[in-house]
J.: 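Let me give you the structure first, and then I'll get to my questions.
A, B, ... follow the sequence lines: proteins, then strands. Residue 1 opens every chain.
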There are 2 protein chains.
Amino acid sequence: MVTTPRKFSRIQPKLRREHLVAATLRCLAENGHAGVSVRKIAAAADVSIGLINHYYPSIDQLISHAYETLSGGIADGLLQASEAGTDPRDSLSRFIAESFGPAILDPKMLGVWVVFWSMVRHSADMAAVQQRTYDQYRAALERHLGALAEQKGLPAMNIRAAATALNALLDGLWLTWCLNPADFSVEEGVAMCEGWVDAFAAGLFVERLKA
Amino acid sequence: MVTTPRKFSRIQPKLRREHLVAATLRCLAENGHAGVSVRKIAAAADVSIGLINHYYPSIDQLISHAYETLSGGIADGLLQASEAGTDPRDSLSRFIAESFGPAILDPKMLGVWVVFWSMVRHSADMAAVQQRTYDQYRAALERHLGALAEQKGLPAMNIRAAATALNALLDGLWLTWCLNPADFSVEEGVAMCEGWVDAFAAGLFVERLKA
DNA sequence: CAGCTTGTTGAACATTCGTGCAACAGTGTG
DNA sequence: CACACTGTTGCACGAATGTTCAACAAGCTG
């Protein structure tokens with residue numbers, strides 16, 4: 001491969017950071033864990049090796065920043081979509097539908113998340129991001145499920161646990177699908193989640209998940 | 001760390017392979033992705049660097065073998081546990097309880113699986129193992145769910161999809177818990193899954209998951 | 001004891017990695 | 001035109017990687 005000479009181009013630090021993060025996500029999606037490399041990311045961003053270390057003292061901080069950006073974007077999309085619902089049940093349907101959207105349900109994304117998860121245990125930064133965004137997801141689900149429970153006149157129960165379960169179902173289906181997209185269709189996946197919400201609304205989980 | 005001189009010891013190839021696989025799993029659990037290293041695994045197995053390449057032409061094949069061993073062991077445990085059930089509902093409860101056992105629900109195991117998943121996309125061997133063991137899990141769930149549906153006199157439905165959903169719920173809870181063990185207790189996790197089976201037995205998913 | 005087989009060793013090699021650093025390019029100001 | 005400032009470059013370094021290979025250790029057979 002012939003490396004065409006790069007043109008010198010200077011942009012604002014803020015834009016450069018976004019640029020580097022975007023290149024990082026592309027690189028991770030393409031190369032998985034092998035994409036965690038200053039040189040590969042520099043090539044993907046069409047930028048010199050040294051520039052990355054100029055903006056990020058260590059590569060872990062770049063990955064961490066990319067994690068925060070991706071998580072934030074997904075969280076925004078999910079919250080925004082569900083907030084547009086006309087009632088609690090509709091909001092949950094929108095949350096589910098958005099979760100199975102093409103931006104999230106992409107086999108290449110698994111390689112990205114796998115890198116993130118592998119760093120959560122050893123990096124306090126990554127753990128903090130993970131905690132924050134997960135709490136965000138679940139709080140949203142908890143809110144909608146709580147409203148739905150009230151609307152249906154369900155007795156008091158552990159809504160938090162219910163939100164955890166629905167989130168786990170979504171994550172589990174996502175993971176399963178990424179590992180083998182031919183396993184089930186998007187419509188089936190949505191149906192499984194909608195069925196869970198139906199059961200919740202019917203009070204089927206009241207007994208097992210007591211407050 | 002002072003490396004004490006190693007004693008020369010020769011064992012049968014079969015035993016040596018098991019030994020190396022065990023050391024590999026220990027190494028991955030301890031070091032995550034950084035544990036994918038001939039030198040680290042050799043140290044963990046108290047064995048020379050060259051011996052590993054003697055048994056496994058490339059390190060990927062060692063990891064693949066370790067994957068197969070771990071998956072097989074877990075599958076055996078789950079199938080054996082659920083097979084001991086007195087009726088379909090009991091079998092499912094045993095399957096669930098076993099899934100939340102200490103051997104599976106271990107935060108360190110996340111680091112191991114993360115390595116495996118990261119290789120599934122690029123290695124045909126890994127993909128084959130993934131496919132085979134996943135089909136095994138789901139077939140077992142499908143069998144028990146089918147028997148339960150018949151027992152309850154449920155109308156015809158997509159049992160395969162139901163098994164996929166329950167499996168996803170189990171996987172999702174496992175993943176969530178590994179990323180943050182303080183998030184919910186084992187008892188809560190079991191209750192979420194039992195609640196799902198309750199809803200299934202009550203026919204709540206019949207409408208959404210048609211045959 | 002020699003000879004052969006089986007299992008094991010660690011040095012060597014070419015790559016790749018993250019990071020530090022001094023030099024460089026272009027823009028704006030005087 | 002000179003100077004300073006900001007953003008960028010890529011070489012250099014030491015450390016770590018996977019794999020190869022000729023030599024070695026011990027047990028078995030004759």
J.: If you compare every side-chain N and O of S58(B) against the phosphate oxygens of dG18(D) (OP1, OP2), does one of them come in below 4.0 Å?
T.: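 Checking dG18(D) against S58(B), no side-chain N or O comes under 4.0 Å of OP1 or OP2.
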J.: With heavy atoms under 4.0 Å as the rule, sort I59(B) into base, sugar-phosphate or nothing.
T.: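 Counting heavy atoms under 4.0 Å across all strands, the contact made by I59(B) is with sugar-phosphate only.
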J.: For Y55(A) and dT8(D), is the shortest distance between a side-chain N/O and OP1 or OP2 below 4.0 Å?
T.: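 Yes, Y55(A) has a side-chain N/O under 4.0 Å of OP1/OP2 on dT8(D).
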J.: Atom NE2 of H33(A) and atom C1' of dC17(C): how far apart are they, to the nearest Å?
T.: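 The answer, rounded to whole Å, is 13 Å.
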J.: I need the CD1-P distance between I49(A) and dC11(D), as an integer number of Å.
T.: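 It is 7 Å, rounded to the nearest whole Å.
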J.: Is any N or O donor-acceptor pair between the side chain of R16(A) and the base of dG7(D) shorter than 3.5 Å?
T.: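 Side chain to base: no pair present.
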J.: For W117(B) and Y67(B): C-alpha separation, side-chain torsions, deciding distance, then whether ring-ring contact (aromatic ring centres under 6.0 Å, His included) applies.
T.: CA-CA 10 Å; W117(B) 292 335; Y67(B) 184 21; 9.1 Å; no
J.: Give the rounded distance in Å between these two atoms: NE2 of H54(B) and P of dG10(C).
T.: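 Answer to the nearest Å: 15 Å.
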J.: As a test of reading the structure: which of dT8(D), dG7(C), dT19(C) is closest to the side chain of P13(B), going by heavy atoms?
T.: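 Selected nucleotide (nearest to the side chain): dG7(C).
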J.: Closest nucleotide of DNA chain D for F8(B) versus for G50(B): which of these residues is on the 5' side?
T.: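 Its nearest nucleotide lies further toward 5', so the answer is G50(B).
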J.: Rounded to whole Å, how long is the line connecting atom CD of Q12(A) with atom C1' of dT27(C)?
T.: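 The distance from CD of Q12(A) to C1' of dT27(C) comes to 13 Å, rounded to the nearest Å.
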J.: K40(A) side chain N/O closer than 4.0 Å to the phosphate oxygens (OP1, OP2) of dC17(C)?
T.: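 Looking at the OP1 and OP2 atoms of dC17(C), one of them is under 4.0 Å from a side-chain N or O of K40(A).
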J.: Whole angstrom is fine here: how far is it from CD1 in I63(B) over to P in dG18(D)?
T.: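 I63(B) atom CD1 is separated from dG18(D) atom P by 9 Å.
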J.: When you check the phosphate oxygens OP1 and OP2 of dT8(C), does a side-chain N or O of S48(B) lie under 4.0 Å from one of them?
T.: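 No.
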J.: Is the phosphate of dG18(D), meaning OP1 or OP2, less than 4.0 Å from a side-chain N or O of S37(B)?
T.: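 For dG18(D), OP1 or OP2 has a side-chain N or O of S37(B) closer than 4.0 Å.
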J.: Tell me: OH of Y56(A) to P of dT8(D), nearest whole Å?
T.: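 Distance, rounded to whole Å: 12 Å.
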J.: Under 4.0 Å between a Lys/Arg side-chain N and an Asp/Glu carboxylate O for K210(A) and E188(B)?
T.: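 Here K210(A) does not pair with E188(B) in a salt bridge, since their nearest N and O are not under 4.0 Å apart.
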J.: Can you measure I41(A) atom CD1 to dG10(D) atom P for me and round it to whole angstrom units?
T.: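 Atom-to-atom, I41(A) to dG10(D), this comes out as 18 Å.
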J.: Nearest to the side chain of L51(B) - dT19(D), dT8(C), dT8(D)?
T.: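 Among dT19(D), dT8(C), dT8(D), the one nearest the side chain of L51(B) is dT8(C).
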J.: Do R160(B) and F184(A) form a cation-pi contact, if we require the NZ or CZ to be under 6.0 Å from the six-membered ring centre and within 45 degrees of the ring's axis?
T.: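 Relative to the ring axis of F184(A), which defines the angle, R160(B) lies outside at least one limit.
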J.: When you get a sec, tell me which of dA26(D), dG18(D), dA25(C) is the closest nucleotide to the side chain of V38(B)?
T.: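 Selected nucleotide: dG18(D).
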J.: How long is the line joining CG of L20(B) and P of dT9(C), in whole Å?
T.: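 L20(B) atom CG is separated from dT9(C) atom P by 10 Å.
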J.: According to the interplanar angle, ranging from 0 to 90°, do the rings of F205(B) and F200(B) count as parallel (below 30°), tilted (30 to 60°) or perpendicular (above 60°)?
T.: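 If you compare the ring of F205(B) with that of F200(B), the planes turn out tilted.
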J.: Would you call R132(B) and E68(B) a salt bridge, using N to O less than 4.0 angstrom?
T.: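 Salt bridge flag = yes for E68(B) with R132(B).
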